[in-house]
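Working notes for the structure below.
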Amino acid sequence: MDKVVIVTGAGRGIGAQTAKLLASQGYAVAVNYLKNHQRAKEVVEDITASGGRAFAVQADVSDEQQVEAMFAQVSERYGTVTHLVNNAGVLFSQCTLSEIDLTRFKKVMDSNVVSCFLCSKTFINQLDSSGAIVNVSSAASRTGAPFEYVDYAASKGAMDSLTKGLSLELASRNIRVNGVRPGCIYTEMHADGGEPGRVDRLGPQLPLGRGGTALEVAYTIAWLLSDEASFVTGSFIDIAGGR
Ligand code: NAP
């Protein structure tokens, strides 16, 4: 069976590097994006120029109908989806919890947790064989991200619980579910949080003395999806420079 993967939020950052790496390893890749068609198109062009297989698929992964339509489109093109990377996520401006309004809190939960639930559910309901999911959580699930984004941290904590529970539900089907917890990775997400230079500020304080790259996260995701990690499920790998 062909290895077919959906990487959510793959137009830029960690998702884009993961999509490119997986394509180089022989996966047919669905490059999901929300708004930025141009960036997703560039990822697909990079992959196809190197001889890989990929196409861009627009869907808001916090919307059930759009998730179902995305899986249908991918299966029609490449066959059953065998691997899933729940990478799409958002964060908003740094502030204290008392400054977060309900609309923002719900938006973060929808984008980061509901998306993971919907994509995972749709994935396992269409899969007859073994397979693997990697959930892109965050070091924030451990730290709580005080004075920055407690809402974001809470969403990643929920994602970790979902990872653990689902891994145990699916173990007998040999569908593995693992999580990665990046921290301080050079991507455009920090600008959305209000501080584009955040990684330059915090990187030197980490035990490894620097921020990380999206490719360093992608290598770990690719390993967890691969058969080399065939005895690993319900596990979390911190990719946060030692913190
Ligand atoms: P990023 O550059 O902001 O990319 C996130 C992507 O998610 C965007 O391209 C966006 O698509 C997409 N997205 C957002 N909401 C979506 C939705 N509802 N449906 C479909 N796509 C959606 O972020 P990143 O830094 O690469 O982060 C990727 C993942 O790693 C996130 O889950 C993040 O929480 C996690 N993470 C990052 C860091 C870090 O330091 N960078 C640390 C810990 C964890 P469009 O551009 O098309 O709108």
Side-chain angles (χ1 to χ4, degrees), residues 6-21 30-44 56-67 69-71 84-92 94 106-119 134-145 148-149 151-160 162-163 179-203 206 210-218 220-221 236-241 243:
I6 294 178
V7 183
T8 67
R12 69 183 203 185
I14 292 167
Q17 287 299 331
T18 303
K20 290 187 216 176
L21 181 63
V31 176
N32 162 253
Y33 68 98
L34 177 61
K35 292 188 197 133
N36 201 328
H37 173 70
Q38 181 57 31
R39 296 291 289 274
K41 187 167 157 263
E42 285 165 16
V43 173
V44 169
V57 55
Q58 196 281 331
D60 177 347
V61 288
S62 65
D63 180 290
E64 187 163 27
Q65 284 181 342
Q66 294 187 39
V67 168
M70 172 174 76
F71 272 81
L84 172 66
V85 182
N86 284 312
N87 169 76
V90 296
L91 59 69
F92 297 111
Q94 293 153 321
K106 286 183 172 172
K107 175 76 182 162
V108 170
M109 291 298 155
D110 278 351
S111 302
N112 299 0
V113 186
V114 172
S115 60
C116 178
F117 159 69
L118 289 174
C119 289
V134 172
N135 291 329
V136 183
S137 172
S138 170
S141 75
R142 292 183 284 109
T143 66
E148 287 199 303
Y149 7 70
D151 52 350
Y152 172 82
S155 75
K156 296 301 187 177
M159 207 175 186
D160 288 357
L162 205 152
T163 302
V180 293
R181 294 188 188 123
C184 265
I185 308 300
Y186 282 100
T187 72
E188 295 159 66
M189 178 176 250
H190 301 285
D192 293 348
E195 189 186 355
R198 183 171 179 271
V199 179
D200 280 333
R201 176 172 64 85
L202 295 177
L206 296 175
R210 63 172 177 87
T213 67
L215 184 58
E216 289 176 306
V217 181
T220 310
I221 294 171
F236 301 91
I237 299 183
D238 294 314
I239 314 165
R243 179 156 294 168

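These values consider heavy atoms only, across backbone and side chains, with no hydrogens, waters or symmetry-generated copies. Indexing begins at 1, ligand by ligand and atom by atom, following the structure's order.
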In this structure, does ligand 1 have an atom that sits under 4.0 Å from one of the heavy atoms of [X]?
X	answer
Lys156	yes
Arg181	no
Ser137	yes
Thr8	no
Ala140	no
Tyr152	yes
Cys184	yes

Checklist outcome for this item: Honestly, for Arg39 the part within reach of ligand 1 (heavy atoms, under 4.0 Å) is neither
Checklist outcome for this item: Contact region, Thr187 to ligand 1, non-hydrogen atoms below 4.0 Å, reads side chain
Checklist outcome for this item: Looking only at non-hydrogen atoms, the one of Ala59, Ala191, Gly11 nearest atom 20 (C) of ligand 1 is Ala59
Is the shortest N/O to N/O distance between [X] and ligand 1 below 3.5 Å?
X	answer
Asn36	yes
Asp192	no
Tyr33	no
Val90	no
Ala139	no
Leu34	yes

Item to check | Nearest non-hydrogen protein atom, atom 9 (O) of ligand 1 | outcome: Arg12 CG, 3.4 Å
Checklist entry - Mind checking what makes side chain to side chain donor-acceptor pair (under 3.5 Å) contact with Arg210, not counting sequence neighbours? => result Glu216
Item to check | ring pair (Phe, Tyr, Trp, His ring centres under 6.0 Å) partners of Tyr152, counting only residues at least two apart | outcome: Tyr149
